[in-house]
Amino acid sequence: MTNQFTQGYDPTGSAQRIADGVYSLSQRKGGRVHAYLLDDGDALTLIDTLYDDDGARIVRAIQQIGRQITDLKHIVITHAHRSHIGGVAALKKLSGAKVWVHEWEADILAGDRKAQKCTLIPQPPLRAYYLQLGLALGLGRHSPCEPDSFVREGDRVGPLQIIHTPGHSPGHLSFYWSQRAALFAGDALATWPYVSLGWPGFNLNAKQHRQSLFKIDDLRADVIAVGHGEPATGDHMDQLRRLIHQ
Ligand SMILES: [Zn+2]
Ligand SMILES: [Zn+2]
């Protein structure tokens with residue numbers, strides 16, 4: 001059976017509402033990559049920027065929910081891997097939003113340094129190997145963007161609490177919107193091509209990754225939105241919890 005979950009992305013690119021004021025945006029490229037648009041009733045906050053450099057999908061999604069690009073005030077970045085930072089430069093320019101990132105990822109975002117390479121040895125999921133290869137060989141350029149500010153554990157941006165979840169990369173961040181019990185876990189976890197504790201071939205520090213997963217689990221969120229694949233709720237959330245505690 002094919003449903004939206006197994007596809008892992010919405011081919012129309014439209015915004016899917018997953019909780020009050022929380023919208024999931026996705027595209028096929030970049031491994032069914034997802035970004036999340038948050039409307040707190042005042043301003044808009046964007047978590048990651050999808051693969052495409054022009055940011056057009058995100059601009060369309062903002063219009064679709066009845067808002068304007070200038071309502072976008074904050075862009076927070078989970079980590080500076082190519083799939084997640086395509087639109088950041090264009091969206092910053094169009095909206096005037098502030099870009100927030102962990103210090104460890106900032107110079108990658110700015111184009112001054114390549115993302116740290118991962119292993120070339122194929123690791124599951126093999127459907128994501130082309131992305132692993134790209135990272136291992138230092139391929140894939142994005143339009144560079146100078147961040148406005150660094151964020152770290154305990155900071156707040158818009159409605160979000162910042163949670164440092166290293167392991168996948170040193171400056172990997174997760175974000176928690178407590179009023180919605182919604183956690184945005186970046187690449188610490190994945191639901192495409194199947195529910196997993198992230199993609200091991202990409203993780204730079206397995207021990208840190210494991211500690212970050214416990215930190216994520218401790219928040220007891222109702223929805224865990226991930227960087228690749230559809231947000232996890234219900235059975236998929238239970239599956240993730242079982243994997244974390246295996
Ligand atoms: Zn990543
Ligand atoms: Zn990723």
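Here the structure is a predicted model, which means the values were calculated and not measured.
Exactly one of L46, I47, V76 qualifies for a side-chain contact (heavy atoms from CB on, under 4.5 Å) with L38. That residue is I47. Between T49 and the choices V99, V33, V88, the side-chain contact (heavy atoms from CB on, under 4.5 Å) rule is met once, by V88. Paired with H172 under the rule ring-ring contact (aromatic ring centres under 6.0 Å, His included), one option of H164, H209, H79, H102 passes, and it is H79.
Considering all non-hydrogen atoms of both residues, P147 and A106 come closest at CG-CB, 3.8 Å. Heavy-atom minimum distance, V223 versus P231: CG2-CB, 4.0 Å.
The distance from atom CG of D187 to atom OG of S83, rounded to the nearest 0.5 Å, is 7.5 Å. A distance of 4.5 Å separates CD1 of I75 from OG of S95, quoted to the nearest 0.5 Å. Atom CH2 of W177 is separated from atom CG of L183 by 13.5 Å, given to the nearest 0.5 angstrom. Expressed to the nearest 0.5 Å, how far CD1 of I216 lies from CD1 of I244 amounts to 6.5 Å. Atom OH of Y176 sits about 11.5 Å away from atom CG of L160, to the nearest 0.5 Å. A distance of 8.0 Å separates OG1 in T191 from CG in L240, rounded to the nearest 0.5 Å.
Residues S169 and E105 have side chains that bring a donor and an acceptor to within less than 3.5 angstrom of each other. Side-chain contact check for H142 and H84: no donor-acceptor pair (N or O, by modelled atom type) lies under 3.5 Å.
Note on L219: it clusters hydrophobically with I224, by side-chain heavy-atom contacts below 4.5 Å among ILVMFWY residues. Cluster annotation: Y23 and L44 are assigned to the same hydrophobic cluster (Ile/Leu/Val/Met/Phe/Trp/Tyr, side-chain heavy-atom contacts under 4.5 Å, transitive). Under a hydrophobic clustering in which Ile, Leu, Val, Met, Phe, Trp and Tyr are joined whenever their side-chain heavy atoms come within less than 4.5 Å, directly or via other members, V101 and I85 fall into the same cluster. Clustering ILVMFWY residues whenever any of their side-chain heavy atoms sit less than 4.5 angstrom apart, transitively, puts I77 in a cluster other than the one holding I162. Follow the hydrophobic side-chain contacts under 4.5 Å out from L120 and you reach L139 in the same cluster.
Inter-residue side-chain proximity for L204 and P170 is flagged as met; some heavy-atom pair is nearer than 4.5 Å. Between T119 and Q132, some side-chain heavy-atom pair lies under the 4.5 Å cut-off. L197 has its side chain out of reach of Q246: every pair of non-hydrogen atoms, C-beta onward, lies at least 4.5 Å apart. Proximity of P159 to T45: side-chain heavy atoms (C-beta onward) are separated by under 4.5 Å at one or more points. Side-chain atoms of L173 and I163, non-hydrogen and from C-beta on, never get closer than 4.5 Å to each other.
Under the 3.5 Å distance criterion, the side-chain polar atoms of Y36 are left unmatched by any main-chain donor or acceptor of G227. At least one donor-acceptor pair under 3.5 Å links the side chain of Q27 to the backbone N or O of D52. Between the side chain of Q64 and the backbone N or O of A15, at least one donor-acceptor pair lies under 3.5 Å. For the pair Y51 (side chain) and G87 (backbone), a donor-acceptor distance under 3.5 Å is absent. One N or O on the side chain of D39 and one on the backbone of G41 form a donor-acceptor pair closer than 3.5 Å. S24 places no side-chain N or O within donor-acceptor distance of the main-chain N or O of Q16, the cut-off being under 3.5 Å. Here the side chain of D48 pairs a donor or acceptor atom with the backbone of T78 at under 3.5 angstrom. With K73 contributing its side chain and A43 its backbone, the two residues share no donor-acceptor pair below 3.5 Å. Side chain of R180 to backbone of D20: a donor-acceptor contact under 3.5 angstrom is found. The backbone N or O of S212 sits nowhere less than 3.5 Å from a side-chain atom of T165 that would complete a donor-acceptor pair.
In this structure, W199 has its ring center closer than 6.0 angstrom to the ring center of H228.
The stretch residues 74-102 participates, sequence neighbours left out, in these salt bridge (Lys or Arg N to Asp or Glu O under 4.0 Å) pairs: D53-R82, K92-D148.
Residue D235 qualifies as open at atom CG: its count of foreign heavy atoms under 6.0 Å is 12 or below. Residue R141 qualifies as open at atom CZ: its count of foreign heavy atoms under 6.0 Å is 12 or below. The neighbour count for I121 CD1, taken as heavy atoms of other residues, nucleotides or ligands under 6.0 Å away, does not exceed 12. Other residues, nucleotides and ligands contribute more than 12 heavy atoms inside 6.0 Å of the CZ atom of R113. Within 6.0 Å of the NZ atom in K215, the count of heavy atoms belonging to other residues, nucleotides or ligands exceeds 12.
Using cut-offs of 30° and 60° for the angle between ring planes, the H81 and H168 rings count as perpendicular.
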(Q) Pair L25, I58 - check side-chain contact (heavy atoms from CB on, under 4.5 Å), show working. (A) CA-CA 7 Å; L25 318 178; I58 290 165; 3.7 Å; yes

Q | Working for side-chain contact (heavy atoms from CB on, under 4.5 Å), residues W192 and V226 | A | CA-CA 9 Å; W192 182 85; V226 296; over 6 Å; no

